[in-house]
Structures are given as C-alpha cells and as structure tokens.
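Some notes on the structure that comes next.
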Amino acid sequence: MPRVVLPASLRVFPLTGCILLPGNWLPLHIFEPRYRAMVRDALATDRLIGMIQPRLPAADNVAPVVESAEHPELHPVGCVGKIEHSLPEPDGRFHILLKGVSRFTLVEEMCEQSGYRWFHVNYQAYSGDFQEPSCNLDSSRILRAMEVLKQSHSLSIDPEDFRGLSGIAVLNGLSAALPFAPAEKQALLEAASPQEREHLLLALMAMGFQQGTGTRCPPPSTIH
C-alpha cells in the first residue's frame, strides 16, 4: 500500500470485539455524536482513526459496539486505519470503510477533542506492518480448518468467499471476522508476526466455539 505518514498523536475509537489488521478492510456505521465529530475531523485532516479494544468489554463477545463507559481502560495495542470511503447520511450519521495501516502502542492520553479520546502513540514495534499485506503465506491449513468449522458450527462465514484471496488476507480477515472472544482477538492483533498469528488462529479454530458467545466447545476433530 502507499506509504502513509503516521502521526505522533491519534484519535482512537474503542470498540469491543473488533480488531483491525494491516491491509484489512473494516466497515463501520457511525451514529454516536462524539464519533460523528471524530469522522468529520478525520475527513478534514489525515483521514486516520485508531481502532482499539477496551480491556473490560461490556459483554464477552458481541458485535462491535461503542462502550457505554465514557473512559474505559484500553488495551495498549490497536491499529490505525485510513478512511478510504465515506458516505454521510442526512441525519449526520456516517458509513465509513477503513483500511488497516499499522498497529500502534498507546503512550499517553491527551485532552479530549469534541468528546472523543486522543493519545500519543508509538509505532516502533510494528515497523514491518507496512509490508505485511504483501507477505507470502500459504492459507491452505486455515481453509481446511474453516471447512471443519463449517461442518460442525453454524457459521455465517463461507470458506469459499476466501479462496480467491491472498494468504495474508485470509489470515487477517478470519482473525477479525470469526466470533472469538475479545481477549482472543486482542492476542491475534498483538501476534509478533503473521506466522505467529497463523499458529494462534489455527489453535483457536481447533478449540471450537459457540457463535456469538465465545464459549468453547469440544473440538469436532483434530485440525492438521
């Protein structure tokens, strides 16, 4: 992807059960006033928003929702995304499409602007994230694991939808899309390399889950 100049301070959007990874796409419906202001400000400047999960989510595994608490404690690592497409609604809401750029580490919280949170951030630990979308990765094991899950769990995700994608797109797409618990998604986000993320994703898939809860089920079979 074209090199994006990463700012030293970043507006952040806390969402439970939602991670963004380098090269991934994330559609969002923005309806809360403070986050409408965030999107307006981002569109008027660098188009960048930092996606991050609260440490104590409102529910163990839910569709991405804004936390009700004004200032939830946040995980230390998130991922900055660039608004590639935006569709404003007449009532002030937005539909936006973010593309993941790089992970970041929180350094220090700044004063709020327009009701949303800003942080000084650091990208030093994730200097390889710009190259991650071009990583050469064989996704065959992940797709075989998806076939097992499709046969044993009621999933709305079809493995066939991923077969035409690059290996890294399959890995990062499923890491974000499968209904893992927020803490497990955070571990996938923080994985040191795509290979480590693949290993963790396969382990989580082998453990099984109940869609929408993050509760573990006995594995239906061994995934090799």
Side-chain angles (χ1 to χ4, degrees), residues 1-8 10 12-13 15 17-28 46-53 64 75-85 96-106 121-150 155 157-207 209 223-224:
M1 65 174 68
R3 191 82 177 186
V4 175
V5 177
L6 296 174
L10 194 63
V12 300
F13 191 1
L15 286 178
C18 178
I19 59 169
L20 180 63
L21 288 161
N24 262 27
W25 295 93
L26 177 63
L28 291 171
D46 55 15
R47 304 179 74 90
L48 298 177
I49 292 175
M51 301 303 301
I52 198 161
Q53 289 200 106
H75 279 284
V77 177
C79 184
V80 60
K82 183 177 181 181
I83 302 175
E84 295 289 352
H85 301 284
I96 64 172
L97 186 60
L98 289 179
K99 188 171 187 180
V101 178
S102 172
R103 289 169 293 171
F104 60 84
T105 303
L106 297 179
V121 297
N122 188 291
Y123 309 93
Q124 186 174 356
Y126 306 108
S127 58
D129 280 10
F130 279 102
Q131 287 73 47
E132 184 165 308
S134 60
C135 171
N136 185 16
L137 186 140
D138 180 1
S139 62
S140 58
R141 290 193 301 168
I142 300 173
L143 291 173
R144 286 199 300 271
M146 272 299 295
E147 289 293 346
V148 173
L149 287 177
K150 182 182 176 182
L155 288 176
I157 302 171
D158 190 338
E160 292 301 318
D161 294 339
F162 288 80
R163 292 197 184 277
L165 301 179
S166 67
I168 190 67
V170 172
L171 169 63
N172 287 352
L174 288 174
S175 293
L178 285 172
F180 299 123
E184 294 162 342
K185 289 198 173 189
Q186 189 66 28
L188 289 163
L189 170 68
E190 296 185 22
S193 66
Q195 292 73 26
E196 182 177 309
R197 186 175 302 125
E198 179 190 19
H199 180 79
L200 177 57
L201 177 63
L202 288 169
L204 291 171
M205 293 170 79
M207 291 169 68
F209 47 73
I223 300 174
H224 299 285

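What you see below is based on every heavy atom in this structure, not just the backbone, and it leaves out hydrogens, waters and symmetry mates.
- Of the residues listed (L20, I52, I49, L98), the one engaging F13 in a side chain to side chain contact (heavy atoms under 4.5 Å, CB included) is I49, and it is the only one.
- A salt bridge links R163 to E160: at least one charged side-chain nitrogen sits closer than 4.0 Å to a carboxylate oxygen.
- Taking the charged nitrogens against the carboxylate oxygens, E198 and R141 do have a contact shorter than 4.0 Å, which makes a salt bridge.
- Atom CG of residue L26 and atom SG of residue C79 lie 9.5 Å apart, to the nearest 0.5 angstrom.
- Here the side chain of S139 pairs no donor or acceptor atom with the backbone of I142 at under 3.5 angstrom.
- For the pair V121 and V80, the minimum side-chain heavy-atom distance is 4.5 Å or more.
- Residues L178 and L201 form a side-chain contact, since some pair of their non-hydrogen atoms from C-beta on lies under 4.5 Å apart.
- Atom-to-atom distance recorded for L189:CG and I19:CD1 is 5.5 Å, nearest 0.5 angstrom.
- Across all their heavy atoms, M205 and A145 have their closest contact at CE-CB, 3.6 Å.
- When atom types are taken as modelled, the side chain of N172 and the backbone of N24 share no donor-acceptor pair closer than 3.5 angstrom.
- Without hydrogens or angle criteria, Y126 side chain to T105 main chain gives no donor-acceptor distance under 3.5 Å.
- A salt bridge is defined here as a Lys NZ or Arg NE, NH1 or NH2 lying under 4.0 Å from an Asp or Glu carboxylate O, and R197 with E132 meets this definition.
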